[in-house]
Amino acid sequence: MSATPAPDVSEPRPLEGRTAVVTGAGRGTGAAIARHLAAHGARVVLAARSRDQIEAVAAALRARGATASAIVCDVSDPAAIENLATSAKQLWSRVDILVNNAGVATAAPLVRTSLEDWNTAFAVNATSAFLCLKAFLPDMLAAGWGRVINVASTAALTSDRYISAYGASKHALLGLTRTAAAEVASQGVTVNAICPGFLATDMTEQSVARIEATTGRSREDAVALLARRNPQNRLIDPEEVAAAAAFLCTDRARGINGTTLVIDGGELRR
């Protein structure tokens with residue numbers, strides 16, 4: 001699954017002097033968002049469970065002239081989120097941009113979905129965003145400027161079989177986005193959600209593997225099955241989500257608040 005190269009850091013830098021924290025930044029969409037924010041001039045703090053992955057992404061960004069650091073964080077652990085907030089503020093005094101991108105997907109019929117799977121989906125996909133908002137939002141409000149991007153899913157806007165835990169948790173994330181946006185609307189902070197369709201990422205590869213295992217389809221047929229959900233007959237490139245997220249963080253997007261930006265090729269508008 002190929003990806004469009006991120007913009008070079010020599011491009012205009014509307015986020016110069018801003019600091020961004022991106023969760024789930026070790027690969028896929030999170031890494032792409034970190035690259036775009038850095039290309040726009042932001043100092044980027046990458047957070048994920050895998051030290052090797054986030055340090056590799058941070059090193060690649062620094063090699064391109066960006067300012068980037070890596071902090072190990074399991075967002076399902078409230079203490080780890082507290083450490084992330086403390087460490088990021090120690091590095092840069094204040095965090096201006098928060099991208100809640102970390103996520104987990106499970107698939108099973110509802111009656112075979114365990115309570116553990118349900119709780120994990122909510123902890124990673126929704127509660128972590130709530131805790132990160134509580135940790136980082138006060139400084140944004142004090143400064144009178146801030147941007148929060150919650151990476152949700154088209155599953156937050158529709159329903160489908162076998163994704164009760166994932167879909168419900170993404171619906172919760174969207175509800176959190178809207179209520180937080182209402183609270184901060186007059187204080188220079190915006191909170192928005194991006195809802196992509198199936199992405200060309202490792203998480204989609206897991207869905208592909210499940211389809212192969214349960215239906216006997218080839219990998220190519222499984223990918224095509226997911227791609228056909230998009231009227232453009234393709235998977236969404238993570239760089240498309242990253243470009244949208246970077247734009248939402250700029251002053252040009254200051255009037256966009258409490259919005260759900262859908263990137264699905266028109267899937268939900270059929």
Side-chain angles (χ1 to χ4, degrees), residues 1 3-7 9 15 18-77 80-92 95-105 123-129 131-133 135-136 146-153 173 192-194 196 199-206 236-249 263:
M1 295 181 181
T4 303
V9 292
L15 299 178
R18 303 293 188 188
T19 299
V21 167
V22 183
T23 68
R27 59 184 179 175
T29 304
I33 291 172
R35 290 193 296 269
H36 277 254
L37 293 177
H40 282 60
R43 300 177 291 255
V44 182
V45 178
L46 300 100
R49 290 182 299 175
S50 172
R51 182 182 301 276
D52 290 346
Q53 288 181 347
I54 53 176
E55 288 186 345
V57 175
L61 289 175
R62 291 193 294 268
R64 293 169 60 87
T67 301
S69 7
I71 298 174
V72 175
C73 178
D74 177 352
V75 297
S76 68
D77 180 359
I81 291 177
E82 289 182 15
N83 178 68
L84 171 64
T86 299
S87 300
K89 292 175 191 178
Q90 286 175 343
L91 283 171
W92 302 113
V95 171
D96 308 286
I97 296 165
L98 169 64
V99 181
N100 289 308
N101 168 75
V104 64
V124 176
N125 296 340
T127 304
S128 68
L131 294 175
C132 283
L133 274 164
F136 292 108
R147 298 288 183 268
V148 179
I149 309 295
N150 294 325
V151 180
S153 165
L173 179 60
N192 292 291
I194 299 177
L199 290 152
T201 62
D202 288 346
M203 186 176 290
T204 296
E205 284 290 350
Q206 294 171 14
I236 300 298
D237 192 323
E239 301 293 337
E240 298 174 73
V241 178
F247 170 72
L248 288 172
C249 291
I263 304 177

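Fair warning: this is a prediction, and the values are worked out from it, not measured in the lab.
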With sequence neighbours excluded, what pairs up with V104 under the side chain to side chain contact (heavy atoms under 4.5 Å, CB included) test? T120, V124, N125

Main chain of T23, side chain of N101: is a donor-acceptor contact present, judged purely on distance under 3.5 Å? yes

Do the non-hydrogen side-chain atoms of V95 and V45 ever get within less than 4.5 Å of each other? no

Nearest 0.5 angstrom please: L133 CG to N150 CG, how far? 6.0 Å

Do N100 and F136 make a side-chain contact, defined as non-hydrogen atoms from C-beta onward lying under 4.5 Å apart? no

To the nearest 0.5 Å, how far apart are CG in L84 and CG in L131? 11.5 Å

Between R147 and I97 (side chain of the first, backbone of the second, donor and acceptor by atom type, cut-off under 3.5 Å), is there such a pair? no

Heavy atoms from other residues, nucleotides or ligands near CZ of R51 exceed 12 (cutoff 6.0 Å): no

To the nearest 0.5 Å, tell me how far S128 OG sits from L173 CG. 8.0 Å

Between R35 and L61, is there a side-chain heavy-atom distance shorter than 4.5 Å? yes

Heavy-atom closest pair (H40 atom, A246 atom, distance to 0.1 Å) is CE1-CB, 3.8 Å

Would a 4.5 Å heavy-atom cut-off, applied to side chains only, mark V57 and V44 as touching? no

Measure the spacing between CG of L91 and OG1 of T67 and express it to the nearest 0.5 Å. 11.0 Å

Flag, side chain of D237 to backbone of E239, donor-acceptor distance under 3.5 Å: yes

Starting from the C-alpha separation in whole Å, work towards a yes-or-no answer on side-chain hydrogen bond (donor to acceptor under 3.5 Å, both in side chains) for D74 and S76. CA-CA 5 Å; D74 177 352; S76 68; 2.7 Å; yes

Which heavy atom of G24 sits nearest a heavy atom of A102, and at what distance? N-CB, 3.8 Å

Please examine the side chains of L248 and I194, heavy atoms only from C-beta on, and report whether any two atoms are closer than 4.5 Å. yes

Which atom pair, heavy atoms only, marks the closest approach of I54 to L46? CD1-O, 3.8 Å

Which atoms form the tightest heavy-atom contact between A38 and A66, and what is the distance? CB-CB, 3.7 Å

Check for a donor-acceptor pair, side chain of D96 on one end and backbone N or O of T19 on the other, with a separation under 3.5 Å. yes

Grab the two heavy atoms, one from P196 and one from A152, that are nearest each other, plus how far apart they are. CD-O, 3.7 Å

From the options I149, L15, V21, select the one residue that forms a side-chain contact (heavy atoms from CB on, under 4.5 Å) with L37. L15

Nearest 0.5 angstrom please: S87 OG to E82 CD, how far? 11.5 Å

Quick one: closest heavy-atom pair of G30 and V22, and the distance? O-CG1, 3.7 Å

